[in-house]
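Inspection log for the structure reproduced underneath, given as structure tokens.
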Amino acid sequence: DGGITQSPKYLFRKEGQNVTLSCEQNLNHDAMYWYRQDPGQGLRLIYYSQIVNDFQKGDIAEGYSVSREKKESFPLTVTSAQKNPTAFYLCASAGSRGEKLFFGSGTQLSVL
Amino acid sequence: GQQLNQSPQSMFIQEGEDVSMNCTSSSIFNTWLWYKQDPGEGPVLLIALYKAGELTSNGRLTAQFGITRKDSFLNISASIPSDVGIYFCAGRGAGGTSYGKLTFGQGTILTVHP
């Protein structure tokens, strides 16, 4: 079935450690996005990519990095510079018009 | 930047009641989307609106694109227990380099008592 797959579902980070969240889509979508969700808040954009080998910072990019080497994949690295990484992370993709976003099932990141 | 105010923040209703929620923006939007999120899952798209004044239904859900282009409304009729979840509005502004970038409301938490 077509869709967006995020892994792992749960991830724990030790202090000073970088961790990478995986996002894969088989919808043939050009654009991919990473959002952060904190309790009681809306979704905040971390990074987005409109085409392969190109990506742009969103509203809260500090402490995060991404790559877009393949159309299907858009991994997010939470670096040790992100001092408050505990959150629910959502990956999304959109087709050529970019109007409708479709989301993965999310990764819950917690700090040990 | 663009801001969306979504209200109410939470609702506690009895099964069978109708529900209304809305979002207002400080600027004009070209697209309004409504999503529902179940606990621990990603949001699922319910309704998409593309024109001012547009009224669109999806089963018991009806959403409208406000004529000022700065607001949108979602109604749920005859609520059932599985309607429980968080409902988000999202909008995309006019022009610029905002390809696909959406601004999200804070969400409305809906609880339905049997």
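Each chain gets a letter, A, B and so on, in the order its sequence line appears, and its residues count up from 1.
With a 6.0 Å radius and a threshold of 12 heavy atoms from other residues, nucleotides or ligands, A:Lys14 has its NZ atom at or below the threshold. The environment of A:Gln17 atom CD is dense: over 12 non-hydrogen atoms of other residues, nucleotides or ligands sit within 6.0 angstrom. Annotation: B:Ile67, atom CD1; neighbour count of heavy atoms from other residues, nucleotides and ligands within 6.0 Å does not exceed 12.
If you chain together hydrophobic residues whose side chains sit under 4.5 Å apart, A:Tyr64 and A:Val111 never meet in one group. In this structure, A:Ile46 is not a member of the same hydrophobic cluster as A:Tyr33, with clusters built from ILVMFWY side-chain heavy atoms closer than 4.5 Å. In the hydrophobic cluster analysis, where Ile, Leu, Val, Met, Phe, Trp and Tyr join through side-chain heavy atoms closer than 4.5 angstrom, A:Leu45 is grouped apart from A:Tyr47. Cluster membership check: B:Met21 shares its hydrophobic cluster with B:Ile47, using side-chain heavy-atom separations under 4.5 Å among Ile, Leu, Val, Met, Phe, Trp and Tyr. By the rule that hydrophobic residues join a cluster once side-chain heavy atoms approach within less than 4.5 Å of another member, B:Val84 and B:Trp34 end up as members of one cluster.
A donor-acceptor contact shorter than 3.5 Å is absent between the side chain of A:Lys100 and the backbone of B:Leu33.
In this structure, B:Phe88 and A:Leu43 have side chains that are in contact, with non-hydrogen atoms separated by less than 4.5 Å. Side-chain atoms of B:Leu102 and A:Tyr35, non-hydrogen and from C-beta on, do get closer than 4.5 Å to each other.
Of the inter-residue distances, the one linking B:Tyr35 atom OH with A:Leu101 atom CG reads 5.0 Å to the nearest 0.5 angstrom. The structure places CD of A:Gln37 at 6.0 Å from CD1 of B:Ile86, a figure rounded to the nearest 0.5 Å.
With a threshold of 4.5 angstrom between heavy atoms, B:Gln37 approaches chain A through side-chain atoms but not through N, CA, C or O.
Ranked by heavy-atom pairs under 4.5 Å with chain A, the first of B:Pro43, B:Ala48, B:Cys89, B:Gly107 is B:Pro43.
Residue-level contacts of residues 54-62 of chain A with chain B do not occur; threshold 4.5 Å between heavy atoms. Contact residues of residues 75-93 of chain A toward chain B are A:Phe88, A:Leu90 (heavy-atom distance under 4.5 Å).
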